[in-house]
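Inspection log for the structure reproduced underneath, given as structure tokens.
We number each residue from 1, following the sequence as shown. Keep in mind the model is a prediction, meaning the values are calculated, not measured.
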Amino acid sequence: MLETIITALLPIVVTLMLGYFAGWERSFSQDQASVLNRMVMLYALPLMLFAGILSTSLTAISQNIPLFIWTAIGMIGGLIIVFALSLLVFRSTAQLAALRAIAIAGPAVPFIGTPVLGMLYPNDADIAIATGSLLMNLVQVPLALIFLVGNQEESGAVKKSALAIAGDSLLKAIKQPVVWAPVLAFILLLCGLEMPRSLKGSFTLLGQATGGVALFAVGIVLFSQKVSVSLPVIINVIGKNLLLPGIILAIMLAVGVPSVERGLVAVTLAIPTASIAVIFAVEYKCGTQEMASTLFWSTILSILTMGMFIWMTA
């Protein structure tokens, strides 16, 4: 078991440290890291998801419907609960509550999920990564934007309604390749089409670079951000790395979810905070240092916490 955990997590440590070293050496800047992330989100990851899903049988996908449901419970239910607690209990603003909600309930599945889930669950990793990406882009991001943009005036001093903001963000999400590529692959699969073996290599050649390039870029970003330790950051990291996956795992154990599915969902939710929280914080000038620090500590400590969940669900 220890060998399995090391095999799954050591590549994350090495690649993150290489990215951090590249930032320290000034070989890459944060702007260049954003370019690398853009390449991953627009090309590498969509190609990998398209080929992975189109190479999966309909039987395997139908067997993974509970995976989608439990992941949705963790990501969407977690988003709503964290937002409500932050707003009502901790008395934060709606903008900061939205950032904390997406930081805790939004795992960096496209980036860290690829090397970890791909090694631990090679037959189901593509579906889990596609599920996490769809839930984040189609549900979490539009919901967060309602509160991030809702109080800001648009050009021409015209304010958009919450419904209009949600509609605009949903439309933008649908246009992203990381969203429509797996959906298109699923539609083609329902039509009886499969990925020919002769073509799969054309899609996966760049797709295989997803995990490494994304983690390298995260390492650069971690060096570039000013990191601090505060009570909100500690609460965010504990909620993201331990509480949310732990609660969902306990519920799945109580209702008798099969072990493989249980482990896949728990490890997926234990993946550290997605960088979208920092991107939104910078763009809307709210909680920037808190989100950057949450991203840093969540990523660094995930080496231990993800290892714990891998061990617990083995």
Rounded distance (nearest 0.5 Å) linking atom [atom1] of [X] with atom [atom2] of [Y]:
X: Met291; Y: Cys286; atom1: CE; atom2: SG; value: 8.0 Å
X: Asp124; Y: Ile129; atom1: CG; atom2: CD1; value: 11.0 Å
X: Leu249; Y: Thr313; atom1: CG; atom2: OG1; value: 7.0 Å
X: Leu143; Y: Met136; atom1: CG; atom2: CE; value: 12.0 Å
X: Ile127; Y: Phe186; atom1: CD1; atom2: CZ; value: 9.5 Å
X: Ile238; Y: Leu244; atom1: CD1; atom2: CG; value: 13.5 Å

Taking side chain to side chain contact (heavy atoms under 4.5 Å, CB included) as the test, write out the residues that go with Leu54, two or more places apart.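 With neighbours one apart ignored, the set is Phe50, Ala185, Leu188, Leu189, Met195.
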
Contact summary for [X] and [Y], nearest pair of heavy atoms:
X: Met75; Y: Gly132; answer: CE-O, 3.6 Å
X: Gly23; Y: Phe223; answer: O-CE2, 3.2 Å
X: Ile220; Y: Ser29; answer: CG2-O, 3.5 Å
X: Leu45; Y: Ser133; answer: CD2-OG, 4.3 Å
X: Leu117; Y: Thr268; answer: CD1-OG1, 3.5 Å
X: Ser92; Y: Leu96; answer: CB-CD2, 4.1 Å

Once salt bridge (charged side-chain N to carboxylate O under 4.0 Å, His left out) is applied, what residue pairs with a partner in residues 105-117 remain, sequence neighbours excluded? none

Students often mix this up, so state it plainly: with edges at 30° and 60°, are the rings of Phe216 and Phe28 parallel, tilted or perpendicular?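 The arrangement is perpendicular - the two ring planes meet at more than 60°.
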
Give me the ring orientation class for Phe296 and Tyr20: parallel if the planes are under 30° apart, tilted from 30 to 60°, perpendicular past 60°.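 Because their plane-to-plane angle lies in the 30° to 60° range, the rings of Phe296 and Tyr20 count as tilted.
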
Are [X] and [Y] joined in one hydrophobic group, where the rule is that I, L, V, M, F, W and Y side chains link up if heavy atoms are under 4.5 Å apart?
X: Trp311; Y: Phe309; result: yes
X: Val213; Y: Leu47; result: yes
X: Ile69; Y: Leu134; result: yes
X: Ile271; Y: Leu304; result: no
X: Leu243; Y: Ile248; result: yes

For the backbone of [Y] and the side chain of [X], can you confirm whether one donor and one acceptor N or O come within less than 3.5 Å of each other?
X: Gln140; Y: Ala105; answer: yes
X: Thr131; Y: Phe68; answer: no
X: Lys240; Y: Pro245; answer: no
X: Arg262; Y: Met252; answer: no
X: Ser86; Y: Val82; answer: no

Going by side chain to side chain donor-acceptor pair (under 3.5 Å), name the residues that satisfy it together with [X], two or more places apart in sequence or in a different chain.
X: Thr305; result: Asn241
X: Ser293; result: Ser228
X: Glu261; result: none

Which Ile, Leu, Val, Met, Phe, Trp or Tyr residues join Leu231 in one cluster when any pair of side-chain heavy atoms under 4.5 Å counts as a link? Ile81, Leu85, Val89, Phe90, Ile235

Could you go through the side-chain contact (heavy atoms from CB on, under 4.5 Å) check for Thr273 and Thr299 one step at a time? CA-CA 7 Å; Thr273 297; Thr299 303; 5.9 Å; no

Should we count CH2 of Trp70 as having more than 12 external heavy atoms under 6.0 Å? yes

May I ask you to test the Leu269-Val265 pair for a side-chain heavy-atom distance under 4.5 Å?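 With C-beta onward as the side chain, the pair touches.
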
If we check side-chain contact (heavy atoms from CB on, under 4.5 Å) with Leu99, which of these qualifies: Phe147, Phe83, Phe280? Phe280

